[in-house]
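Below, chains carry the letters A, B, ... as their sequence lines are ordered, and counting in each starts from 1.
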There are 2 protein chains.
Amino acid sequence: MPELESVIRKLEALDHRITPSRVAVIAAVLAQSGHFSVEDVLRQARAVGRATVFRTMRLLTDLEIVCRVLLEDGSLHYRVSRRGHHHHLVCVSCGNVQDLDECAVAGLVRELAAATEYEIEGHWLEFYGRCASCRSSLALAAKA
Amino acid sequence: MPELESVIRKLEALDHRITPSRVAVIAAVLAQSGHFSVEDVLRQARAVGRATVFRTMRLLTDLEIVCRVLLEDGSLHYRVSRRGHHHHLVCVSCGNVQDLDECAVAGLVRELAAATEYEIEGHWLEFYGRCASCRSSLALAAKA
DNA sequence: ATAGTTATGATACCTGGTATCAGTGAGACG
DNA sequence: CGTCTCACTGATACCAGGTATCATAACTAT
Ligand SMILES: [Mn+2]
Ligand SMILES: [Mn+2]
Ligand SMILES: [Zn+2]
Ligand SMILES: [Zn+2]
């Protein structure tokens with residue numbers, strides 16, 4: 001869980017300017033729990049212009065401060081990233097997100113590259129389901 | 001590669017009405033080669049209303065006549081489907097799409113379900129890369 | 001032919017994101 | 001410090017892709 005300070009130092013190191021707007025966006029992002037949309041950030045950093053929020057989110061994505069979470073309906077959310085490359089398991093009922101420890105398809109990528117002569121440079125992988133607690137409340141509701 | 005006739009029969013069997021607009025959209029879809037956007041279909045079925053084209057695409061997706069192809073930038077394309085559930089390898093340079101024979105994560109889904117107590121009901125998996133021919137033309141360009 | 005339901009499409013609207021560009025201020029350097 | 005410069009900002013307008021509404025049309029079972 002990165003701190004505001006360390007994110008700022010990372011930006012500095014890469015010759016990005018530290019502006020009040022950027023700091024506000026980063027603070028808003030770090031304050032989120034779970035996954036969030038750009039609108040959520042906008043709401044918490046009202047003084048910052050819409051375009052700047054989007055620009056800053058791209059920056060944070062490029063720096064791997066946040067990771068993108070693709071929801072089942074195709075909408076894009078973000079999440080403060082703890083590790084490097086990884087994937088998600090999203091509860092479609094409560095929205096809870098599990099980070100999956102390792103990239104499950106790294107081996108497959110190698111196989112595919114050999115089999116297809118493609119040079120593979122990326123992939124999307126997200127899982128959707130119902131977490132244990134959502135399932136049990138569903139079961140209760142069915143009985144009632 | 002389904003025929004117009006067989007798609008129509010499938011709709012009839014499920015009590016959907018056969019209308020000129022639907023037929024026009026289906027014909028336009030079946031005429032596409034490779035993957036295509038809804039706009040592509042709209043362009044080839046000008047007489048059909050925008051909303052109806054979107055509605056029909058959803059129908060065709062639900063019936064597994066077409067599959068959805070998620071591009072690297074997050075935009076959603078479609079493709080006439082040859083099989084049931086499968087995934088794609090997309091060339092980010094020329095747009096060529098390879099259907100992958102089997103679902104590479106089916107086993108993983110079972111493992112995840114056991115490990116996390118989630119009931120897993122879906123996933124997104126798409127690969128991006130450069131096909132052999134795009135790589136070789138890239139190499140030529142670099143030399144020149 | 002009629003009825004009853006389904007489908008249509010014009011329109012307005014919405015979400016999420018980008019292009020533009022005049023104005024500002026961060027920070028390097030003296 | 002002062003000042004120069006360039007990266008950054010944010011208002012605005014715009015765009016893409018998709019949905020809600022609802023009066024009208026038309027498919028199909030009878
Ligand atoms: Mn993550
Ligand atoms: Mn496919
Ligand atoms: Zn849940
Ligand atoms: Zn290619």
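- Within the structure, the side chain to side chain donor-acceptor pair (under 3.5 Å) test picks out the following pairs touching residues 22-42 of chain A (sequence neighbours left out): A:His35-A:His77, A:Ser37-A:Asp40, A:Asp40-A:Arg43.
- Atom pair A:Met57:CE and C:dG16:P shows a separation of 13 Å (rounding to whole Å applied).
- Among residues two or more places apart in sequence or in another chain, the side-chain hydrogen bond (donor to acceptor under 3.5 Å, both in side chains) test is passed with A:Glu126 by A:His88.
- Look at CG on A:Leu42: it is 10 Å from P on C:dG16, rounded to the nearest Å.
- With hydrogens and angles ignored, the 3.5 Å screen pairs a side-chain donor or acceptor of B:Arg79 with a backbone N or O of B:Val97.
- In the 5' to 3' direction, nucleotides of DNA chain D lying under 4.0 Å from heavy atoms of chain B begin and end at D:dG17 to D:dT28.
- For B:Ser136, there are no side-chain contact (heavy atoms from CB on, under 4.5 Å) partners two or more places apart in sequence or in a different chain.
- One finds a side-chain N or O of B:Arg22 lying less than 4.0 angstrom from the OP1 or OP2 phosphate oxygen of C:dA7.
- Heavy-atom distances under 4.0 Å link DNA chain D to A:His16, A:Arg17 of residues 10-17 of chain A, given in residue order.
- Enclosure of atom CZ in B:Arg110 is not indicated, since only 12 or fewer non-hydrogen atoms of other residues, nucleotides or ligands lie within 6.0 angstrom.
- B:Val41 has its side chain within reach of B:Phe36: a pair of non-hydrogen atoms, C-beta onward, lies under 4.5 Å apart.
- The residue among B:Val38 and B:Ile18 whose nearest nucleotide of DNA chain D is located toward the 5' end is B:Val38.
- Between the C1' atom of C:dG16 and the CG atom of A:Leu70 lies a distance of 14 Å, rounded to the nearest Å.
- Counting only residues at least two apart or on different chains, the salt bridge (Lys or Arg N to Asp or Glu O under 4.0 Å) pairs with a member in residues 114-123 of chain A are A:Glu121-B:Arg130.
- Rounded to whole angstrom, the span from the CG atom of B:Leu59 across to the C1' atom of C:dT6 amounts to 12 Å.
- Scanning atom types as modelled, one donor and one acceptor separated by under 3.5 angstrom connect the side chain of A:Arg50 and the base of C:dG16.
- A search for side-chain hydrogen bond (donor to acceptor under 3.5 Å, both in side chains) contacts involving B:Ser75 returns B:Asp73, not counting sequence neighbours.
- Applying the ring-ring contact (aromatic ring centres under 6.0 Å, His included) test to B:His85 and every residue at least two apart in sequence or in another chain returns B:His87, B:His123.
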Determine all donor-acceptor pairs shorter than 3.5 Å in which one atom belongs to a side chain in residues 46-53 of chain B; sequence neighbours excluded.
{"unit_1": "B:Thr52", "atom_1": "OG1", "unit_2": "B:Arg55", "atom_2": "NH2", "d": "3.3"}

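- At a threshold of 4.0 angstrom between heavy atoms, the contacts of A:Ser21 are confined to the sugar-phosphate backbone, with no base atom among them.
- Taking five base pairs at each end of the helix from C:dA1-D:dT30 to C:dG30-D:dC1 and finding the rotation axis that steps the C1' atoms of four pairs onto the next four gives two axes whose angle is 30°, to the nearest 10°.
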Only pairs under 3.5 Å count here: list side-chain donor-acceptor contacts from residues 7-15 of chain A, not counting sequence neighbours, and write none if there are none.
none

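- When the P atom of C:dG16 is taken as reference, atom CG of A:Asp40 falls 9 Å away, rounded to whole Å.
- With sequence neighbours excluded, the residues that form a side-chain contact (heavy atoms from CB on, under 4.5 Å) with B:Glu72 are B:Val92, B:Tyr128.
- One can place CZ of A:Phe36 at 14 Å from P of C:dG16, the figure rounded to the nearest angstrom.
- Residue B:Thr19 places at least one side-chain N or O closer than 4.0 Å to OP1 or OP2 of C:dT8.
- Heavy-atom nearest nucleotides on DNA chain D were determined for B:Phe54 and for A:Val48, and the one closer to the 5' end corresponds to A:Val48.
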